[in-house]
Amino acid sequence: MASFVTLREGVPATRAALERVHPAAHIDRLEAMAAAGGGALDADTFLGSSSWESVLASAGVALTAVEQGIASGTAFGATRPPGHHALAAQSMGFCFVNNVVIAARHAQTLGCPRVLIVDWDVHHGNGTQALVEADPSIRFVSMHQHPWYPGTGAADERGVGNVFNVPRPGGLPRATYVRDLLAAVDAALTGWTPDLLLVSAGFDSLAGDPLGEFTLEPDDITHWTEALRERMQGRPVVGVLEGGYRLDLLATGVSAHVRALA
């Protein structure tokens, strides 16, 4: 893969980029907690003394990926910690700030006013939905296991008509998930043309991940990525890493996605 992928190091996110999405008081609280040695933000989200450096680096990777995607057509940001559960003023679900929404707002400052976010993480991107559901300039498509953490993402949660949730139980045939996500994307694209597409690329949706029960295989990630690129007709497509908790599956999923982007 090294022969056709260019590696680029991200730059830590600026305060201004974070504040397009998160209130200053929330950022101040996280910074202060890290400086004091860290602590628990919820039952599974812990901030360590060095975590804030990682949070800024992760968000910065998403910002750099957007810039690279606009310049070259595609990019992938290897962002950890992930971000799609982070609300405006609440960190949760391993997520401190919402990388993909920070990236979307950055894209809008760079001349891409309409942004489509497609989230195929096995968990619903509740933070992403909450941050964009009142803004028709961003459309959000999420397929996720339901009912599952965090319990949001019902089909009737539509925002201002810009939210397209596809809640599905675990254990369905993989072709069902593949078909249903693309159908929701097509619904989101009806009468609306995005300037840039962001993928919240969670690989806990692959069969065998310990935190999910979907049945997808890496070939399905390839198919989705190729189908999304086809629908965008040359406009930028940028992947941003979310979940994935079995390292071998995470590696094969990312590889399938990046190959299809490249």
Test item: His84 side-chain N/O and Cys95 main-chain N/O as donor-acceptor pair under 3.5 Å: no
Leu116 and Trp192: CA distance, side-chain angles, deciding distance, side chain to side chain contact (heavy atoms under 4.5 Å, CB included) verdict: CA-CA 10 Å; Leu116 174 62; Trp192 188 78; 3.9 Å; yes
Euclidean distance, Ile27 CD1 relative to Leu56 CG, rounded to 0.5 Å: 9.0 Å
Side-chain heavy atoms of Asp121 within contact of Ser200, under 4.5 Å: no
Shared hydrophobic cluster, Val100 / Phe76 (ILVMFWY, side-chain heavy atoms < 4.5 Å): no
Side-chain touch Ser137/Arg105, heavy atoms, less than 4.5 angstrom: yes
Heavy-atom pair with the smallest gap, counting every atom of Ala256 and Pro218: CB-O, 3.5 Å
Same apolar cluster (I L V M F W Y, side chains within < 4.5 Å links), Leu87/Met33: no
Between CG on residue Leu182 and CG on residue Leu228, distance to nearest 0.5 Å: 6.5 Å
Thr79 side chain vs Val240 backbone, donor-acceptor pair below 3.5 Å: no
Sidechain-backbone polar pair: Arg168 side chain, Gln145 backbone, donor-acceptor under 3.5 Å: no
Under 3.5 Å: donor-acceptor pair, side chain of Glu133, backbone of Asn162: no
Parallel, tilted or perpendicular: rings of His144 and His146 (30°, 60°): perpendicular
Ring geometry between His123 and Trp148 (parallel below 30°, tilted from 30 to 60°, perpendicular above 60°): parallel
Min side-chain heavy-atom separation Glu157-His124 under 4.5 Å: yes
Exam field: side chain Arg229 to backbone Ala260, donor-acceptor pair closer than 3.5 Å: yes
Ion pair check, Asp209 and Arg246, cut-off under 4.0 Å: no
Side chain to side chain, Ser51 and Glu53, heavy atoms closer than 4.5 Å: no
In one Ile/Leu/Val/Met/Phe/Trp/Tyr side-chain cluster, 4.5 Å: Met143, Leu211: no
Within 45° cone and under 6.0 Å: Arg80 NZ/CZ vs Tyr245 ring: yes
Pro167 versus Ala155, closest heavy-atom pair with distance: CG-N, 3.8 Å
Heavy-atom donor-acceptor pair, Asp220 side chain to Val178 backbone, under 3.5 Å: no
Sole residue of Gln90, Met92, Arg29 in side-chain contact (heavy atoms from CB on, under 4.5 Å) with Leu41: Arg29
ILVMFWY network linking Phe94 to Leu247, side-chain heavy atoms under 4.5 angstrom: no
Side-chain (Glu242) to main-chain (Ala201) donor-acceptor, under 3.5 angstrom: no
Thr215 side chain to Ala207 backbone, donor-acceptor under 3.5 Å: no
Single-linkage hydrophobic cluster, 4.5 Å side-chain cutoff, Val141 and Val132 together: no
Note, Gln129 side chain near Asn165 side chain (heavy atom, < 4.5 Å): yes
Non-hydrogen side-chain atoms of Thr193 and Gln233 separated by less than 4.5 Å: no
Test item: side-chain donor near acceptor, Thr225 and His257, under 3.5 Å: yes
Non-hydrogen side-chain atoms of Val55 and Leu30 separated by less than 4.5 Å: no
Main-chain N/O of Gly93 paired with Tyr149 side-chain donor or acceptor, under 3.5 Å: yes
Side-chain touch Trp224/Val199, heavy atoms, less than 4.5 angstrom: no
